[in-house]
Amino acid sequence: MQTLLFVFTATVRLALYVIDLGLLCRAVITFATMGDPPDSAAVNFIWAITEPVILPFRILVSRSSTLSAMPIDMAFLFAATAVMIASSLIPPVVL
């Protein structure tokens, strides 16, 4: 049972780390290309990883006229914050 818990915790931590790294890469790419990312396999992979995380927040932000009118992508900030909070709630992996 302890091994199963270890594997589950490690897998969730790894998934959150990959998503967090993908969000960071997406932010850098979006900033460097001024919002028009190049069409490449790496960029498409990063978008494929991060868009399912950002999409629910994008739907919520679009319902608010104040948040959707802001010059920065609030859905991205909310998604990044949610991933960071989820990562901090998962206990460290210890054998």
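- Partners of Thr30 under the side chain to side chain contact (heavy atoms under 4.5 Å, CB included) rule, at least two apart in sequence or in another chain, are Arg26, Trp47.
- Linking ILVMFWY side-chain heavy atoms closer than 4.5 Å, directly or via other members, places Phe45 and Val53 in a single hydrophobic cluster.
- Rounding to the nearest 0.5 angstrom, the gap separating the CD1 atom in Ile54 from the CG atom in Leu23 is 5.5 Å.
- To the nearest 0.5 angstrom, Leu16 atom CG is 12.5 Å from Leu21 atom CG.
- Side-chain atoms of Phe78 and Leu67, non-hydrogen and from C-beta on, do get closer than 4.5 Å to each other.
- In terms of heavy atoms, Pro91 sits closest to Thr9 at O-CG2, 3.5 Å.
- Separation of atoms CD1 (Ile29) and CD1 (Ile46) is listed at 4.0 Å; rounding is to 0.5 Å.
- Under a hydrophobic clustering in which Ile, Leu, Val, Met, Phe, Trp and Tyr are joined whenever their side-chain heavy atoms come within less than 4.5 Å, directly or via other members, Leu5 and Ile90 fall into different clusters.
- Side chains of Val7 and Thr11 form a contact here, defined as non-hydrogen atoms less than 4.5 Å apart.
- With rounding to the nearest 0.5 Å, the separation of CG in Leu60 from OG in Ser68 is 12.0 Å.
- Hydrophobic cluster membership is shared by Leu77 and Met70, with clusters built from Ile, Leu, Val, Met, Phe, Trp and Tyr side chains linked at under 4.5 angstrom.
- Sorted by first and then second residue, the salt bridge (Lys or Arg N to Asp or Glu O under 4.0 Å) pairs with a member in residues 62-72 form an empty list; sequence neighbours excluded.
- Judged by distance alone, the side chain of Ser88 and the main-chain N or O of Ile85 form a donor-acceptor pair under 3.5 Å.
- Side-chain heavy-atom separations under 4.5 angstrom define the hydrophobic clusters, and the remaining members of the one that includes Ile59 are Leu55.
- Taking CG of Leu14 as the start and CD1 of Ile19 as the end, the distance is 10.0 Å to the nearest 0.5 Å.
- Taking all atoms of both residues into account, the shortest heavy-atom contact from Ala82 to Phe57 is CB-CZ, 3.6 Å.
- Side-chain contact between Phe8 and Val12: present, with at least one pair of heavy atoms (C-beta onward) separated by less than 4.5 Å.
- In this structure, OG1 on Thr81 lies 8.5 Å from CE on Met74, to the nearest 0.5 angstrom.
- By the criterion of side-chain heavy atoms lying less than 4.5 angstrom apart, applied directly or through intervening Ile, Leu, Val, Met, Phe, Trp or Tyr residues, Met84 is not grouped with Val61; the two fall into different hydrophobic clusters.
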